[in-house]
Novice: 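Take this structure first; my questions come after.
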Number of protein chains: 2
Amino acid sequence: MSIQTRRERERAERERLIVTAARELAETEGWDAVTTRRLAAEIEYSQPVLYSHFKGKDAIMAAVAVQGCADLAVELRAARTAAKDPREALAAVAEAYTSFGRRRPALYDAMFTLAVDLPFATPEAPEPLWEAFRELAAVVEPIAAEGEDTGLLAETYWAGLHGLVTLMRSGRLPEPAHEQRLALLIGHFTAAL
Amino acid sequence: MSIQTRRERERAERERLIVTAARELAETEGWDAVTTRRLAAEIEYSQPVLYSHFKGKDAIMAAVAVQGCADLAVELRAARTAAKDPREALAAVAEAYTSFGRRRPALYDAMFTLAVDLPFATPEAPEPLWEAFRELAAVVEPIAAEGEDTGLLAETYWAGLHGLVTLMRSGRLPEPAHEQRLALLIGHFTAAL
DNA sequence: CAGAAATTCTAGCAGCGCTAGCCAATCTGT
DNA sequence: ACAGATTGGCTAGCGCTGCTAGAATTTCTG
């Protein structure tokens, strides 16, 4: 029994190692640099070992994405709880969200841009995804108008932030005006207050 | 002189052929299916011919993206001019935009998601890109509040639409509630009226 | 300590974007 | 009209990718 559990522990440890290596490599050199060979070298195992843990490269990216959501949820929560009123909280979360996207682009892409087969808006979605989304929902809830669905409003607000981040990061929106656009978005979502 | 021009005409014709083939292949089978070999076979020339027209695959995708922007501009303009008041125009353009993104995902990705090195928010940006953006600016202009920059507002509105399209298409937002989210976005951008 | 089972490795497949260098068709000057 | 120069397309191949079959090694069991 003990041997079995030790093995499982070591396996889990190595899996953590893979995900961490993938995340660090992606964050420092971008996802293009994360090849299965490179990753295998990084963890000092041979390539096929990766496939005994994950179905493929996509699954590794999905695991990184889940970690990223946990990180994002923490940052969003910090921003939300530090604010002293709902309006300020909305702005703080927006700032935290877009800052996350710009500061950790590779992580952000794995989470929200690249095609990874993670269940998202379903009960089967990993908990960290829900944690991050619930932060958005929590910050949006007080500014919801009469009869507005909080979940849908959170999704819409999220879409606005996501659009700003991705269009800016891909060079389609000029960086300098980011704060102004953010202010516009926040302004229009709090107009009713 | 005539020979020269005939040659240039034929070259231009072939270039058009490449871009069209790339777009059609992408639209029917996705960008993953658009390989240089496949594309070469499609136009009935050998692979290296592509490189005498375009610097690489990215440049071909960029050309497709420019075509796509022209298409989008036409659809947005049609939606805008058919509407009978500014509020309705805003909604119609939003509907047209998101419909385009869902109806022609591969084209949309080349235009707004994938990393193609096209100059975007600069005077050097290809005309069709500006045409599409000007449609957004035109429809947003009447709903801009006192002192709001129309360009920035258009960018922000665009980001909202783009976020909705991409998050939905990648399965991160549930499809069925799309219209409701769209209504929320439009509502918050026209709250001042 | 031998056989069984699990695990890791080596080697290789098919496909990718891209390019060097050969070959053939076309144009030019006499 | 023909030899030489030039242009343009082709074949073949490089280094890389994600992924996997099957050998080899290690670990556990009777």
Side-chain angles (χ1 to χ4, degrees), chain A residues 1-19 21-23 25-26 28-65 106 109-110 114-118, chain B residues 1-19 21-23 25-26 28-65 106 109-110 114-118:
Chain A
M1 202 56 168
S2 171
I3 284 174
Q4 196 71 3
T5 57
R6 193 210 62 203
R7 286 213 158 162
E8 279 170 22
R9 203 174 54 237
E10 285 173 353
R11 247 191 93 79
E13 178 65 22
R14 196 173 59 181
E15 191 157 314
R16 238 183 33 105
L17 195 65
I18 293 171
V19 177
R23 200 199 57 213
L25 197 47
T28 54
E29 303 186 37
W31 281 109
D32 282 352
V34 184
T35 69
T36 54
R37 276 166 243 267
R38 182 81 186 276
L39 201 47
E42 212 76 36
I43 62 166
E44 298 178 311
Y45 280 93
S46 72
Q47 233 181 330
V49 165
L50 301 173
Y51 293 86
S52 74
H53 287 273
F54 298 95
K55 198 179 144 202
K57 194 188 165 182
D58 284 5
I60 297 176
M61 292 174 62
V64 172
D109 283 343
L114 301 175
V116 293
D117 61 342
L118 265 178
Chain B
M1 202 57 167
S2 172
I3 285 172
Q4 196 71 3
T5 55
R6 190 210 65 202
R7 289 214 157 162
E8 279 170 21
R9 202 174 54 237
E10 285 173 354
R11 245 190 94 77
E13 178 65 22
R14 195 172 59 180
E15 191 157 314
R16 239 182 30 105
L17 194 66
I18 293 171
V19 177
R23 199 198 58 213
L25 197 47
T28 53
E29 302 186 37
W31 280 110
D32 282 352
V34 184
T35 70
T36 54
R37 278 165 241 268
R38 182 81 187 275
L39 200 48
E42 212 75 36
I43 62 167
E44 297 178 311
Y45 279 94
S46 71
Q47 233 181 329
V49 165
L50 301 173
Y51 293 88
S52 74
H53 286 274
F54 298 95
K55 198 179 143 202
K57 194 189 166 182
D58 283 5
I60 298 176
M61 291 174 62
V64 172
D109 283 344
L114 301 175
V116 293
D117 61 343
L118 265 179

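Below, chains carry the letters A, B, ... as their sequence lines are ordered, and counting in each starts from 1.
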Novice: Between A:Trp31 and A:Leu25, is there a side-chain heavy-atom distance shorter than 4.5 Å?
Specialist: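 Contact flag for A:Leu25/A:Trp31 side chains = no.
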Novice: Go through the structure and list residues passing side chain to side chain donor-acceptor pair (under 3.5 Å) with A:Arg37, not counting sequence neighbours.
Specialist: none
Novice: Output the rounded distance in Å from OH (B:Tyr51) to C1' (C:dG21).
Specialist: 17 Å
Novice: What closest approach, in Å, do B:Ala22 and B:Val64 show between heavy atoms, and which atom pair accounts for it?
Specialist: CB-CG2, 3.9 Å
Novice: Taking atom P of D:dC19 as reference, at what distance in whole Å does atom CG of A:Leu50 sit?
Specialist: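 After rounding, the reported distance stands at 10 Å.
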Novice: Please list, pair by pair, any protein nitrogen or oxygen found under 3.5 Å from a nitrogen or oxygen in nucleotides 7-10 of chain C.
Specialist:
from, atom 1, to, atom 2, distance (Å)
C:dT8, OP1, A:Arg14, NH1, 3.1
C:dT8, OP2, A:Arg14, NH2, 3.2
C:dC9, OP2, A:Ser46, N, 3.0
C:dC9, OP2, A:Ser46, OG, 2.8

Novice: Looking at every non-hydrogen atom in both residues, tell me the closest pair between A:Ala110 and A:Val116 and how far apart they are.
Specialist: O-CG2, 3.7 Å
Novice: Where do A:Ala106 and A:Ala26 come nearest, in terms of heavy atoms and distance?
Specialist: CB-O, 3.2 Å
Novice: Can you tell me how far apart CD (A:Glu10) and CG (A:Leu17) are? Round to the nearest 0.5 Å.
Specialist: 12.5 Å
Novice: At a heavy-atom distance below 4.0 Å, what parts of residues 29-38 of chain A sit against DNA chain D?
Specialist: A:Val34, A:Thr35, A:Thr36, A:Arg37
Novice: Could you pull out all residues at least two apart from A:Glu42 that satisfy side chain to side chain donor-acceptor pair (under 3.5 Å)?
Specialist: none
Novice: Which side-chain N or O atoms in residues 55-62 of chain B pair as donor and acceptor under 3.5 Å with protein atoms at least two apart or in another chain?
Specialist:
from, atom 1, to, atom 2, distance (Å)
B:Lys57, NZ, B:Val34, O, 2.9

Novice: For DNA chain C, determine which residues of residues 53-61 of chain B have any heavy atom closer than 4.0 angstrom to one of its atoms, and list them numerically.
Specialist: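 Contacting residues: B:Gly56, B:Lys57.
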Novice: Angle, rounded to 10°, between the helical axes spanning five pairs at each terminus of the helix from C:dC1-D:dG30 to C:dT30-D:dA1?
Specialist: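 One end's axis against the other's: 20°.
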Novice: Please report the shortest heavy-atom distance between A:His53 and A:Arg11, naming the atom on each side.
Specialist: CE1-O, 3.3 Å
Novice: Residues in side chain to side chain contact (heavy atoms under 4.5 Å, CB included) with A:Ala33, at least two apart?
Specialist: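 A:Ala33: side chain to side chain contact (heavy atoms under 4.5 Å, CB included) contacts with A:Glu29, A:Arg38.
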Novice: Identify every side-chain donor-acceptor pair in residues 43-52 of chain A under 3.5 Å, counting partners at least two apart or on other chains, and give the distances.
Specialist:
from, atom 1, to, atom 2, distance (Å)
A:Gln47, NE2, A:Thr36, OG1, 2.7
A:Ser52, OG, A:Val49, O, 2.7

Novice: Name all residues meeting the side chain to side chain donor-acceptor pair (under 3.5 Å) criterion together with A:Glu13; count only those two or more places apart in sequence or in a different chain, and write none if there are none.
Specialist: A:Arg16
